[in-house]
Amino acid sequence: MAQTAEPAAQSREYDVVVLGAGPVGENVADRANALGLSAVIVESELVGGECSYWACMPSKALLRPVAARADARRVPGLPEAAGGPLDARAVFARRDAFTSHWKDDGQVDWLDSAGIDFVRGKGRLAGPKRVTVDGGPELIARHAVAVCTGSSAALPDLPGLATARPWTSREATSAQAVPGRLAVVGGGVVAVEMATAFQALGSRVTMLVRGSSLLARMEPFAGELVAESLAEGGADLRWNTSVEEVRRADPDGPVTLTLGGGERIEADEVLFATGRAPRTDDLGLETVGLEPGSWLEVDDSCLVTAVEGGWLYAVGDVNHRALLTHQGKYQARIAGAAIAARARGTSKLDTGRWGAHAATADTAAVPQVVFTDPEAASAGLTTEEAERAGYRVRSVDVDLGGVAGASLYADGYRGRARMVVDLDREVVLGATFVGPGIGELLHSATVAVAAEVPLSRLWHAVPAYPTISEVWLRLLEAYRG
Ligand SMILES: Cc1cc2nc3c(=O)[nH]c(=O)nc-3n(C[C@H](O)[C@H](O)[C@H](O)COP(=O)(O)OP(=O)(O)OC[C@H]3O[C@@H](n4cnc5c(N)ncnc54)[C@H](O)[C@@H]3O)c2cc1C
Ligand SMILES: NC(=O)c1ccc[n+]([C@@H]2O[C@H](COP(=O)([O-])OP(=O)(O)OC[C@H]3O[C@@H](n4cnc5c(N)ncnc54)[C@H](O)[C@@H]3O)[C@@H](O)[C@H]2O)c1
């Protein structure tokens, strides 16, 4: 394994050059390597990317104690301690362990053991199949360059924001103290998860949502149940609210937000959870005819079609197909296979629907778990998405509280499930579950959706009694009438 300290003029040749060692870049390099191609990976920050240090892992480490406490509170007989406040210091310490204290030695060792060369530094395209690295060698790709540079938090252009020291997902997931008052701008996944975590840690949370619902990309009942729970926990949810200005007069003092109607609110910290921007602004995209700062549009094999020659791939967040770690890693497996097949000179790739070289699940079977309390999980299409895609659909709903396994799981279990059925083929197009402990149920839905299992066969897939999975039986019964 090689690190940077060599003359800039030196150039090295590999079959595949990967830009960005997040979960996706690591998987592209690993796949290429496993399929017999040499690979080098370039990383400007920490090997493991956003997911390991400022996103999935730390956020879920902050949220796991929230779910454990909530579960304990819903069954009688557990020690009283389950009812007390979270021990912030212990929660942060466990989160710190999950991020390896923001050190990547372990992941660098893994690259080494996998036989993937590593260069630390900022990489940029310098024309077709060429990559330069700040202070490092020039890298030439024989077959492919894969851009896996991910995304960063997008901040709105608001007066005062730049100097108000706002939190983005990075500051929220790596916080070492609990703010007394936390304002959260946004109503998407980061907003609801971080509101849930910090509320449980003791912050007084105000959510400033510009629309009229949370989790707008899920079935509407998901956002409704999560909002209900946050409000019951004491959060102040403000709907149809815009933030016009942000000021922190004293660098050590509170932050003041001016809202659309002129009202001002004060908080100790403000988290902007307002979506993501592609990390492509300083990547040399102009050297291959692409627009710097843009999301990279790809075909189903993750090839950037606007660039001639079939050598440039964009995989993971940066292609904006599905901003999730597992989905990016899936794309990496597909793209890795496509890169290897093209390198072997395979005349025709298997790019048809569900083919070996097509990331079909990106549009048909994306799973996602939002780790709030209650959890909200979905796979495949919502009713609205299915209708928009032209399917003739029927959706059936079930109250999860009526499922024996759910009532055993928690006293007063509150939750709901929906199955979206394609009426012409009688297969499941999508499913959504909202309730405590449903995250682990989701893969059953992903399998049903991706495998397009006919409902007549699903009828024979008997869920164990008394588990929450019996919701499947209730959904099928509701559909059959
Ligand atoms: C708070 C939060 C929580 C999340 N939770 C989940 C979750 O629970 N489950 C889930 O599936 N998804 C979750 N996500 C989404 C998930 O983090 C991303 O989908 C995932 O990290 C994308 O992986 P990636 O490899 O494409 O990009 P990244 O993880 O962003 O990695 C890209 C890497 O490229 C490097 N890089 C960028 N530019 C260059 C350059 N020019 N040269 C060299 N290196 C460069 C970066 O430093 C970075 O290490 C969460 C996101 C956030 C913000
Ligand atoms: N558990 C998980 O799977 C998980 C957890 C966190 C994040 N993620 C992924 O990370 C990605 C980013 O999450 P996110 O929550 O930042 O984005 P998002 O797109 O889910 O939500 C952004 C929210 O900000 C609002 N918004 C945007 N611009 C605004 C503005 N100027 N003023 C006020 N509100 C504004 C939007 O209306 C929306 O409610 C998501 O696509 C998600 O898939 C996944």
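Worth knowing before you read on, the calculation uses all heavy atoms, side chains too, and leaves out hydrogens, waters and symmetry mates. Just so you know, ligand 1 is whichever comes first in the structure, and atom 1 is the first atom listed for that ligand.
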Looking only at N/O atoms, are L283 and ligand 1 under 3.5 Å apart anywhere?
no
Return the residue, atom name and 0.1 Å-rounded distance of the protein heavy atom closest to atom 34 (O) of ligand 1.
G20 CA, 3.2 Å
Please indicate whether any nitrogen or oxygen in V190 is less than 3.5 Å from any nitrogen or oxygen in ligand 2.
yes
Protein residue, atom and distance nearest to atom 11 (C) of ligand 2, heavy-atom basis:
R276 CG, 4.0 Å
Below 4.0 Å, non-hydrogen atoms only: which portion of M207 touches ligand 2? Side chain, backbone, both or neither.
neither
Could you check atom 39 (O) of ligand 2 against the protein and tell me its nearest heavy-atom contact, residue, atom and distance included?
G187 N, 3.0 Å
Before accepting this row, confirm whether a basic side-chain N of the pair R217/E385 lies closer than 4.0 Å to the acidic partner's carboxylate O.
no
Under 4.0 Å to a heavy atom of K60 - the qualifying atoms of ligand 2, by number
1 (N), 5 (C)
Considering non-hydrogen atoms of the protein only, which is the closest contact for atom 27 (O) of ligand 1, and what is the distance?
G150 CA, 3.3 Å
Using a 4.0 Å cut-off to any heavy atom of V369, which atoms of ligand 2 qualify?
1 (N), 2 (C), 3 (O)
Residue, atom and distance of the protein heavy atom nearest atom 37 (O) of ligand 2 read R210 NE, 3.2 Å
Counting non-hydrogen protein atoms only, what is the nearest one to atom 29 (O) of ligand 1? Give residue, atom name and distance.
E50 N, 3.0 Å
Of the backbone atoms (N, CA, C, O) and the side-chain heavy atoms from C-beta on, which set of D317 has a member under 4.0 Å from an atom of ligand 1: side chain, backbone, both, or neither?
both
E245/R264 salt bridge by N-O under 4.0 Å criterion
no
For the pair E286 and R124, find out whether any cationic side-chain nitrogen is under 4.0 Å from an anionic carboxylate oxygen.
no
Does some non-hydrogen atom of S152 fall short of 4.0 Å from ligand 1?
no
Distance under 4.0 Å to a non-hydrogen atom of P156: what atoms of ligand 2 satisfy this?
31 (N)
Under 3.5 Å between some N or O of ligand 2 and some N or O of R217?
yes
For atom 50 (C) of ligand 1, what is the nearest protein heavy atom, given as residue, atom name and distance?
A55 CB, 3.7 Å
Which residue owns the protein heavy atom closest to atom 44 (C) of ligand 2, what's the atom, and how far is it?
Q368 NE2, 3.3 Å
Atom 4 (C) of ligand 2 sits nearest the protein heavy atom V189 CG1, 3.4 Å
Counting only heavy atoms, which portion of L324 has something under 4.0 Å from ligand 2: side chain, backbone, both, or neither?
side chain
Would you say A191 has any N or O atom under 3.5 Å from an N or O of ligand 2, going by distance alone?
no
Taking CD in E384 as the centre, count heavy atoms belonging to other residues, nucleotides or ligands within less than 6.0 Å. Is the count above 12?
no
Under 4.0 Å, heavy atoms only, figure out whether ligand 1 is touched by the backbone of S59, its side chain, both or neither.
side chain
Quick one: look up the protein heavy atom nearest atom 16 (C) of ligand 1 and list residue, atom name and how far away it is.
T325 OG1, 3.4 Å
Any N or O on R276 sitting closer than 3.5 Å to an N or O of ligand 1?
no
Of the protein's non-hydrogen atoms, which lies at the shortest distance from atom 15 (C) of ligand 1, and what is that distance?
L323 O, 3.6 Å
Distance-only N or O hit between ligand 2 and G186, under 3.5 Å:
no
Element-labelled atoms of ligand 1 that are located less than 4.0 Å from some non-hydrogen atom of H326
11 (O)
For atom 13 (C) of ligand 1, what is the nearest protein heavy atom, given as residue, atom name and distance?
C56 SG, 3.3 Å
Mind checking whether G48 has an N or O less than 3.5 Å away from an N or O of ligand 1?
no
Which of the ligand 2 atoms, numbered from 1, are nearer than 4.0 Å to a heavy atom of A273
22 (C), 23 (C), 24 (O)
Which bit of A153 is near ligand 1, meaning a heavy atom under 4.0 Å away: side chain, backbone, both or neither?
neither
So, is G188 polar-close to ligand 2, with some N/O to N/O distance under 3.5 Å?
yes
Option from L158, L208, T168 for which side chain to side chain contact (heavy atoms under 4.5 Å, CB included) with F272 holds
L158
Specify the protein heavy atom at minimum distance from atom 35 (C) of ligand 1: its residue, its atom name, and the distance to 0.1 Å.
E43 OE1, 3.2 Å
R69 with D87: basic N within carboxylate O range, under 4.0 Å
no
Per-atom contacts of ligand 2 with V185, taking only distances under 4.0 Å to non-hydrogen atoms
33 (C)
Tell me which protein heavy atom sits closest to atom 16 (O) of ligand 2, plus the residue, atom name and distance to 0.1 Å.
G275 N, 3.1 Å
Would V24 count as being in polar contact with ligand 1, using the rule that some N or O on each side must be under 3.5 angstrom apart?
yes
So does R416 pair up with E228, basic N to acidic O under 4.0 Å?
no
Sequence neighbours excluded, every pair satisfying ring pair (Phe, Tyr, Trp, His ring centres under 6.0 Å) that has a member inside residues 154-207:
W167-F198
When you measure from atom 32 (C) of ligand 1 to each heavy atom in P23, C148, G49, S44, which option holds the nearest one?
C148
Look at atom 43 (O) of ligand 2 and say which protein heavy atom is nearest, naming residue and atom and giving the distance to 0.1 Å.
L323 O, 3.2 Å
For ligand 1, is any non-hydrogen atom under 4.0 Å from K60's backbone (N, CA, C, O), its side chain (CB onward), both, or neither?
side chain
Any N/O pair S169/ligand 1 closer than 3.5 Å
no
